[in-house]
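Reading through the C-alpha cells given below for one structure.
Scope of the values below: all heavy atoms of this structure, side chains included, with no hydrogens, waters or symmetry mates.
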Amino acid sequence: MQADKEKKIKKKKAKEEAPADEAPAAAPAERQSSRGSRKAKRTGSNVFSMFSQKQVAEFKEAFQLMDHDKDGIIGKNDLRATFDSLGRLASEKELEEMVGEAPGPINFTQLLTLFANRMSGGSDDDDVVINAFKTFDKDGKIDSENLRHALMTWGDKFSADEVDEAYDQMEIDDKGYIDTQKLITMLTASAEEEEGGEAA
C-alpha cells in the first residue's frame with residue numbers, strides 16, 4: 001500500500017514539473033536535451049536567419065580573430081589588440097563606446113545581433129560614411145594617395161581599376177586632394193536620391 005502511494009506521488013510530481021507539451025513517458029535525459037535544443041533554436045534563429053551560412057562562417061572567423069584572449073567574449077582589450085594589429089590606435093573612449101553598443105557581453109550571437117541591427121536600421125549608414133572619411137581628413141581635405149593605399153590594402157581590398165573608377169566620380173584638385181565635405185555630400189546625397197527615386 002505504502003509503495004503504491006509513493007509511486008502515485010512521484011508520478012504526480014513528475015507531471016507537474018514536466019512542461020505540458022512534452023510526453024510524460026520521456027526519459028529525463030531526453031527531456032532535458034530536447035528542451036535545451038528548442039530554447040537554442042528560439043533564441044538564435046532570428047538573427048542567424050538574417051545571414052547566409054557563408055556570411056555566418058565569415059563573421060565567426062572574424063569573431064575568432066578579434067577574440068584575442070579566446071574567452072568567447074570580445075572586450076575592450078580584445079578590441080584594442082585588434083586595432084593595434086591593424087596599425088590604428090584607438091582611444092579608451094572609442095573602445096568604451098564600441099563595447100557599450102551591446103546591451104551585454106559581446107559573444108558571437110551578440111556580435112551578429114549588432115551587425116543585424118546595423119544592417120536593418122539603416123539610420124547609421126550616413127554616420128558610418130562620414131566617420132570613415134573623417135578618419136582620413138586633414139584640414140577639410142583627404143590625400144587621395146593615402147586613401148588609395150588604404151582602399152587597396154585593408155578590408156575588402158579594391159583593385160587599382162576599382163579605385164580609378166571611384167576616383168573618376170570624385171573631384172580631385174591638382175595637388176591630389178579630395179574635398180572631404182564634397183565627397184561626403186556626394187556619397188550621402190546619392191543614397192537619399194535613390195531612396196526618393198524608388199518612392200516616386
Side-chain angles (χ1 to χ4, degrees), residues 36 39-160 162-163 166 170 177-178 180-181 183-188 190-192:
K39 184 172 182 166
K41 285 179 189 169
R42 245 194 318 258
T43 58
S45 66
N46 291 340
V47 77
F48 283 90
S49 66
M50 292 186 69
F51 302 105
S52 70
Q53 287 182 344
K54 183 179 178 190
Q55 287 174 312
V56 171
E58 288 172 353
F59 286 138
K60 184 70 171 178
E61 185 179 349
F63 180 86
Q64 290 169 342
L65 289 171
M66 291 190 305
D67 185 15
H68 285 269
D69 58 11
K70 305 299 179 205
D71 65 350
I73 305 279
I74 295 176
K76 275 196 310 189
N77 290 334
D78 293 321
L79 288 174
R80 182 178 291 112
T82 300
F83 277 108
D84 288 350
S85 70
L86 295 172
R88 182 180 181 279
L89 296 176
S91 71
E92 193 70 20
K93 183 183 175 194
E94 286 176 309
L95 296 172
E96 285 174 11
E97 286 173 0
M98 285 182 232
V99 171
E101 284 186 41
I106 305 173
N107 59 20
F108 180 61
T109 304
Q110 185 62 53
L111 183 73
L112 275 184
T113 303
L114 289 171
F115 281 128
N117 289 342
R118 282 285 172 101
M119 289 171 62
S120 65
S123 61
D124 291 335
D125 289 348
D126 287 350
D127 291 338
V128 170
V129 170
I130 291 165
N131 290 332
F133 286 106
K134 284 201 174 183
T135 59
F136 293 95
D137 179 76
K138 286 189 181 168
D139 302 321
K141 301 216 178 256
I142 296 173
D143 182 328
S144 64
E145 285 308 308
N146 285 347
L147 182 59
R148 174 183 294 276
H149 174 74
L151 291 171
M152 294 175 67
T153 306
W154 296 301
D156 289 335
K157 296 176 182 132
F158 281 56
S159 69
E162 289 171 325
V163 175
M170 300 177 197
Y177 287 96
I178 303 165
T180 306
Q181 195 53 52
L183 176 61
I184 290 170
T185 302
M186 179 185 83
L187 293 172
T188 57
S190 65
E192 289 169 8

Q | Qualifying salt bridge (charged side-chain N to carboxylate O under 4.0 Å, His left out) pairs with a residue from residues 98-112, counting only residues at least two apart or across chains | A | Glu101-Arg118
Q: Would you list the pairs meeting salt bridge (charged side-chain N to carboxylate O under 4.0 Å, His left out) in which at least one residue belongs to residues 130-142, sequence neighbours left out?
A: Lys141-Asp173
Q: Assess whether side chain to side chain contact (heavy atoms under 4.5 Å, CB included) is satisfied between Lys76 and Leu79, documenting all intermediate values.
A: CA-CA 5 Å; Lys76 275 196 310 189; Leu79 288 174; 5.6 Å; no
Q: Output, in order, the C-alpha distance, side-chain angles, deciding distance and verdict of side chain to side chain contact (heavy atoms under 4.5 Å, CB included) for Thr82 and Leu65.
A: CA-CA 8 Å; Thr82 300; Leu65 289 171; over 6 Å; no
Q. Does a sphere of radius 6.0 Å around CD in Gln53 hold more than 12 heavy atoms from other residues, nucleotides or ligands, not counting ones at 6.0 Å or beyond?
A. no
Q) Under 6.0 Å from the OH atom of Tyr177, do we count more than 12 heavy atoms belonging to anything else shown? A) no
[X] side, atom [atom1]; [Y] side, atom [atom2] - distance, nearest 0.5 Å:
X      : Y      : atom1 : atom2 : value
Ile178 : Met170 : CD1   : CE    : 5.0 Å
Ile130 : Thr135 : CD1   : OG1   : 12.5 Å
Leu151 : Phe136 : CG    : CZ    : 6.5 Å
Phe51  : Leu112 : CZ    : CG    : 5.5 Å
His149 : Leu147 : NE2   : CG    : 11.0 Å
Ile73  : Leu111 : CD1   : CG    : 11.0 Å

Q: Not counting sequence neighbours, which residues clear side chain to side chain contact (heavy atoms under 4.5 Å, CB included) with Glu58? List them please.
A: Lys54
Q: Please list, chain by chain and in numerical order, all residues satisfying side chain to side chain contact (heavy atoms under 4.5 Å, CB included) with Ala90, sequence neighbours excluded.
A: Phe83, Arg88, Glu94, Leu95
Closest heavy-atom contact between [X] and [Y]?
X      : Y      : answer
Leu86  : Trp154 : O-NE1, 4.2 Å
Ile106 : Ala102 : CG1-CB, 3.6 Å
Val163 : Met152 : CG2-CG, 3.7 Å
Met50  : Ala116 : SD-CB, 3.4 Å
Ala160 : Arg148 : O-NH1, 4.1 Å

(Q) Does any part of the side chain of Phe48, heavy atoms only, come nearer than 4.5 Å to the side chain of Thr109, both counted from C-beta? (A) yes
Q) Any side-chain heavy-atom pair from Thr113 and Gln110 closer than 4.5 angstrom? A) yes
**Q.** Phe63: ring-ring contact (aromatic ring centres under 6.0 Å, His included) partners, not counting sequence neighbours
**A.** Phe108
Q.
Checking the side chain of Asp67 only, and the main-chain atoms of Gln64 only, is there a donor and an acceptor separated by less than 3.5 Å?
A. no
Q.
Looking at Glu162 and Lys157, is any side-chain nitrogen of the basic one under 4.0 Å from a carboxylate oxygen of the acidic one?
A. no
Q) Hey, mind stepping through Ile142 and Leu183 against side chain to side chain contact (heavy atoms under 4.5 Å, CB included) and telling me if it holds? A) CA-CA 9 Å; Ile142 296 173; Leu183 176 61; 4.1 Å; yes
Q) By salt bridge (charged side-chain N to carboxylate O under 4.0 Å, His left out), which residues pair with Glu61, not counting sequence neighbours? A) none
